[in-house]
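Input: a single structure, listed below in structure tokens.
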Amino acid sequence: MKKEKLIKKYDKQVKVYENNRANQKLAGWRSKIIKNAYGKVLEVGVGAGANFPYYDRNNVEVTGVDFSSEMIKSAKRAASVFQVKAEFIQEDIDELILEHNSFDCIVSTLSLCSYPDPIVTLSKFNSWCRKDGIILLMEHGLSSNPLLSFTQKMIDPLYAKISGCHCNRNIDKIIEKSNLQVDHIERYWSDIIYLIRARPSK
Ligand SMILES: C[S@@+](CC[C@H](N)C(=O)[O-])C[C@H]1O[C@@H](n2cnc3c(N)ncnc32)[C@H](O)[C@@H]1O
């Protein structure tokens, strides 16, 4: 899908993502992963700022990136409501240029599904994160249940057309190829949801 079309698709979904902030299951997983964030945080694909309630606001300064102007507006409101110190960059992750080793923590939630090549995106996280920093991911991918994963693969073309994101990402393979050093993985919801704490490769 062309980038301009994808951006418009996400612009139009901002209300859906704002409503999703009330999803209790997602809230529990977000809280579990985001409580590990500290210092200078880069949150990629920040969306409607659904993670802002869970940051330790005394311990983080967040830079939120998203290519959708509507998502950025919504994330700004969320940062203000939850009093998280934050600045925002409206940019495509593929075009984003940041200094190497410049963040203590990189956060991505439910976003690897959106990028054309998530391994390339993770290699960027690797370079932007300080070598003693932490990379926190909450992502969705293929289930370990064969019937569910078969269904995910079958519906992916339609799913991607409607939502802009893929439901058939093989997170295990993506993480393995990314060279991130994984410290901890938890999986939920028939193993579709991954909570991952990792460090950049040396
Ligand atoms: C599926 S939503 C997830 C939003 C949020 N992280 C959450 O947990 O609810 C993906 C977000 O990534 C943004 N996004 C997708 N592709 C992008 C890209 N190439 N560059 C920057 N942002 C992108 C979308 O605009 C959207 O806000």
Side-chain angles (χ1 to χ4, degrees), residues 1-21 23 26 30 41-52 62-79 86-100 103 106-129 135-143 148-180 192-194 196:
M1 192 182 302
K2 284 231 168 76
K3 190 168 89 179
E4 291 68 30
K5 203 171 163 195
L6 195 55
I7 294 174
K8 276 197 187 129
K9 203 173 264 300
Y10 279 114
D11 276 343
K12 283 189 190 149
Q13 291 182 76
V14 72
K15 281 276 167 253
V16 174
Y17 282 90
E18 285 176 351
N19 292 337
N20 255 349
R21 295 194 292 224
N23 179 316
L26 282 176
R30 288 183 195 282
V41 176
L42 178 70
E43 184 174 337
V44 181
V46 67
N51 294 321
F52 284 110
V62 178
T63 302
V65 178
D66 206 293
F67 63 8
S68 153
S69 59
E70 293 303 312
M71 292 289 189
I72 293 269
K73 274 188 220 160
S74 181
K76 274 185 185 165
R77 289 194 292 270
E87 58 177 23
F88 295 90
I89 304 172
Q90 188 189 337
E91 182 60 281
D92 183 340
I93 187 75
D94 291 328
E95 324 239 315
L96 187 64
I97 297 173
L98 295 168
E99 260 181 56
H100 295 298
F103 290 90
I106 314 264
V107 169
S108 164
T109 62
L110 310 179
S111 291
L112 283 187
C113 55
S114 317
Y115 308 129
D117 189 338
I119 299 169
V120 170
T121 308
L122 287 179
S123 76
K124 291 180 178 226
F125 292 5
N126 220 340
S127 97
W128 294 329
C129 191
I135 295 171
L136 302 173
L137 309 173
M138 177 183 98
E139 301 295 347
H140 64 89
L142 283 176
S143 169
L148 276 179
S149 66
F150 175 78
T151 310
Q152 288 174 294
K153 286 175 194 165
M154 292 303 287
I155 64 169
D156 185 66
L158 183 63
Y159 187 86
K161 205 169 168 188
I162 295 169
S163 69
C165 91
H166 294 273
C167 63
N168 67 345
R169 293 266 148 110
N170 187 327
I171 301 292
D172 287 333
K173 275 208 180 126
I174 290 169
I175 294 294
E176 192 187 317
K177 289 194 177 160
S178 73
N179 291 326
L180 295 187
I192 288 174
I193 298 289
Y194 285 69
I196 301 175

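Throughout, numbering of the chain's residues begins at 1 and tracks the sequence. As a basis for the values below, the full set of heavy atoms in this structure was taken, side chains included, without hydrogen atoms, waters or symmetry mates.
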query = Should Asp172 and Tyr194 be marked as a side-chain hydrogen bond (donor to acceptor under 3.5 Å, both in side chains) after you check the CA-CA gap, both sets of side-chain angles, and the distance that decides it?
reply = CA-CA 9 Å; Asp172 287 333; Tyr194 285 69; 3.3 Å; yes
task = Describe, in one word, how the ring planes of His140 and Tyr159 are oriented to each other, choosing from parallel (under 30°), tilted (30 to 60°) and perpendicular (over 60°).
result = perpendicular
Does the side chain of [Y] come within less than 4.5 Å of [X]'s, by heavy atoms?
X      : Y      : answer
Leu142 : Asn168 : yes
Lys124 : Leu96  : no
Ile155 : Cys167 : yes
Ile171 : Ile196 : yes
Glu91  : Ile97  : no
Phe52  : Val46  : yes
Leu110 : Leu26  : yes

Straight-line distance of [X] [atom1] to [Y] [atom2], nearest 0.5 Å:
X      : Y      : atom1 : atom2 : value
Leu42  : Thr63  : CG    : OG1   : 6.0 Å
Ser178 : Asn126 : OG    : CG    : 7.0 Å
Gln13  : Lys8   : CD    : NZ    : 14.5 Å
Ser114 : Phe67  : OG    : CZ    : 7.0 Å
Ile72  : Tyr10  : CD1   : OH    : 14.0 Å
Ser127 : Glu99  : OG    : CD    : 10.5 Å

Does [Y] offer a backbone N or O that forms a donor-acceptor pair with the side chain of [X] under 3.5 Å?
X      : Y      : value
Asp11  : Glu70  : yes
Asp66  : Gly47  : yes
Glu139 : Leu112 : yes
Arg21  : Ala48  : yes
Lys9   : Lys161 : yes
Glu43  : Val62  : no

message = List the residues meeting ring-ring contact (aromatic ring centres under 6.0 Å, His included) with Phe125, not counting sequence neighbours, and say none if there are none.
response = none
Over all atoms of both residues, closest heavy-atom pair of [X] and [Y]:
X      : Y      : value
Ser143 : Gln152 : N-OE1, 2.8 Å
Gly45  : Ser111 : O-OG, 3.3 Å
Ile7   : Ser68  : CG2-CA, 4.2 Å
Pro116 : Asp94  : CG-OD2, 3.8 Å
Arg30  : Ala50  : CZ-CB, 3.4 Å

task = Just do the side chain to side chain contact (heavy atoms under 4.5 Å, CB included) check on Leu122 and Ile175 with the steps written out, would you?
result = CA-CA 8 Å; Leu122 287 179; Ile175 294 294; 4.0 Å; yes
message = Any salt bridge linking Glu176 with Lys173? Criterion: basic side-chain nitrogen under 4.0 Å from a carboxylate oxygen.
response = no
